[in-house]
Each structure stands twice: as structure tokens, then as C-alpha cells.
Amino acid sequence: MIALDRRQKVILVWAGIAVIIINFEGNILILALPAIAREFHASTLGLAELGSVLAFGTLGALPLATLADRFGRRRMIAVGVCGSSLANLISGFAASLAELAFLKLFAVTFEVLVVGVVTALIVEEAPVEHRGTAVSLIALLSGMGIFIVVVAYPLVAPHWRWLFYSTGAGIVLSPFIWWLLPESKTWQRVHVTGSALKVLLGRPWRRRILILATMTGLLSVLLQPAGLLYTVFASFDLHWSAAAISLLIVVSGIAGAASYLAGGFLTDRFGRRGPAIALTVATAASTSLSFATGSVGFFAGNILWSAFASASTPVFGAWSGELFPTRARATAEAGTAVIAALGGIAGLQLVAFLAPSAGLGGAIELAGVAAIAGALLLFLLPETKQEPLPE
């Protein structure tokens, strides 16, 4: 375990609270999607359209992230938590799938903002030799938000709106994040002038953002539909109950929690590029496996998918932070998320097109080809292990 001073511990606590809230709110829709689909009589095409609308919400995070690079990390994390909680609270009153999609679009904007800015803050404040481990701790805390949803939903199912109502707690906590979360010292040392987007379009950042964003977009062609629709596949295709789905998420979450820490150790010891490539390929393969077989394969594939994807989180978190300058680090995180969203939209539309002939599982499995291709692009990025952060 890494040694942290008092200030770093305070950052970890309040940044951790922010990501717990965000991940709780962001995963309500996924776990409750079968019940939502039944209430609104939504087809696979309708759910794919819902996912596409939500992906567009990521676009709004980009201009907000530029504000984090200009005015600091702390304020925008607090604003993001408040905005996400408010949008999710109102989502509980949606009278149709279209209304729910519209409201969740705003929630996604703030959710993506908080994740990107928190990652930038942690990379900037962590000891240089333990950046991967520090990001893995935040990832582990974010998993607590998912765990709360997993435990809570079977208790209230099929009353999915109750979980959305509970997100009002984030509105109450957001002022405390504003007041108590310390600002990044690394950001305070940098004199920020001009547009962060303009910085990223210069050398060598332009090539780096293009490669990383393209890889993320191709991976999202698989992971976005898989992550959104796996509960629907389990419920409608495999005929699993809500309790069985929750059990799978709990077991996968345990594997993922251990893998967060393993990924942090792995990247601090062996670097960024090698582990990132290996884990991306493994994530794509195990995700495809989940939908290629029956219940046993789905269960095993989901555990492996969770483990590999979780292990890659601190690897990419540390690597993306080290690849870009402090003047534009949060903007780079959001820009990558935007391209990932576009890839996710493409994946959802592909699945909607292929599902009538190949089935939902077969359609998602075919999307794995794009993810494997994206992993190969990572060979073009430099190794940045324990290098000083570019300013």
C-alpha cells in the first residue's frame, strides 16, 4: 500500500465520495433496464436508441472539462456531482422511455465530467512511482457505488424509480466536496492561458490524443452495447431472475475489486503500454465469450470481463494522465470519452441492425472484432512509466 500524507488522504476521501456517488447513479439504469423495458414496452431497437441518446450526453462533458483545466479540479468535481444527482433525481419521474433518455442525457454529461476530472486530479497528486496504484484505489471506491446498486435493487425491484429518488443525497453532499476537497497543486503551479483544445491540437499531443481516442472508440463498439444490454440478455435470452443477475454482478464485482488493485500494481511495476495492450485484448475476448455461449459461459465470461476490464482501469488512468499536459489533461480525458461515446453509438446501432438475424448475443459478439483492432493501435503510444507529468 502506498504512503500518503494528510492532504493526499483528504483528496482520496472526497474524490472517492464523488466517484461512489457517480457510479451509483450511473449504474441504476443498467441494473433496472429489464424492468424499465417492461414498463415502457421497449424493444431491443428502442433500448439501443436509448443507449445512443445517452452516449451523446458525453459530448457535453468536453466544454465542461475545459473549464476544469482553466479554473481548477475541485469546483468542477462538485458541480458535476450536483448536476448528475439532480438530473438522476428528476429521471425518477420520467413518464416514458423518451423522457428518461432526455433526462439521463444530462446526467451522463456530468458523470463523464466527474470521472475524467477525478482521474486527472489523482494522477497529479499521487507519488510518481505509485500513480497506477493511486488510480486503482479510486477505481476500487467507484466499485462501491456499483455494489450499492447491486444490493439495493433486488430489495426494491421492480420499483426502479425509488433508486433514482435516492440520488438526491448527492445534491446534499456536493457543497461539502466544493468546500473540503483540496485543489491540485500541480494545476496551481501551471499558468493556464488559451484554449485547452488548441493545446491538444499541437505537437506531440495531437498524435497521442488521436491514437488513444481511436482505440477507445473501437473498444466501445463492443463494450457500450455489452455493458448496457447484458442485463437484458440475461433476463430475456437466458431467463435469469433479478436476484440471479445481482448475484452475477456481486461475484464479478469481487473479481473486479481485486483486479483494480492488481492492475495498479502491475502498471507501477511493468509500465503502461504492455499491460494496456494485453488487458485490452483479454477484455475484448472475454466480453465476446460472455454472449457466445449459454448461462455457464455467460457467468464465466462476465467474471473474466470484469477482471480484465477492472485491471485495465488504473493502467489507462495513469497512462492517459501522463500522456497529456496539465494545461489540457481534463480536456484530454473528456475528449477521449467523446470518441468512446461515438464508438458506443456505432456499436449500439450495429447491434440493433444485426440482432434480428444474429440474435442479441451474436450481434454483440461480432462487435469484438473492432475492439481487438483498436488494441493494436496502442503500440504507437510511448511508454511513460514514472516520467514527470508534462505541464
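Note on Arg161 versus Glu39: salt bridge recorded, some NZ/NE/NH1/NH2 to OD/OE distance being below 4.0 Å. A salt bridge links Glu125 to Arg7: at least one charged side-chain nitrogen sits closer than 4.0 Å to a carboxylate oxygen.
Residue Phe110 comes nearest to Ser84 through the heavy atom pair CB-N, 3.5 Å, listed as atom of the first residue, atom of the second, then distance. Of all heavy-atom pairs spanning Leu121 and Ser184, the tightest one is CD1-CB, 3.6 Å.
Trp179 has its ring centre less than 6.0 Å from the ring centre of Phe176. Aromatic rings of Phe233 and Phe298 (six-membered ring for Trp) have centroids within the 6.0 Å cut-off, being under it. Taking the six-membered ring where the residue is Trp, the centroids of Phe147 and Phe24 are separated by 6.0 Å or more.
Side chains of Thr283 and Trp305: no donor on one and acceptor on the other come within 3.5 Å.
In terms of modelled atom types and a separation under 3.5 Å, the side chain of Glu383 and the main chain of Arg273 share a donor-acceptor contact.
Residues Pro390 and Thr326 are not in side-chain contact: their nearest non-hydrogen atoms beyond the backbone lie 4.5 Å or more apart. For the pair Leu229 and Ile30, the minimum side-chain heavy-atom distance is 4.5 Å or more.
Checked options Leu31, Ile28, Leu97; the residue passing with Ile36 is Leu97 (criterion: side-chain contact (heavy atoms from CB on, under 4.5 Å)).
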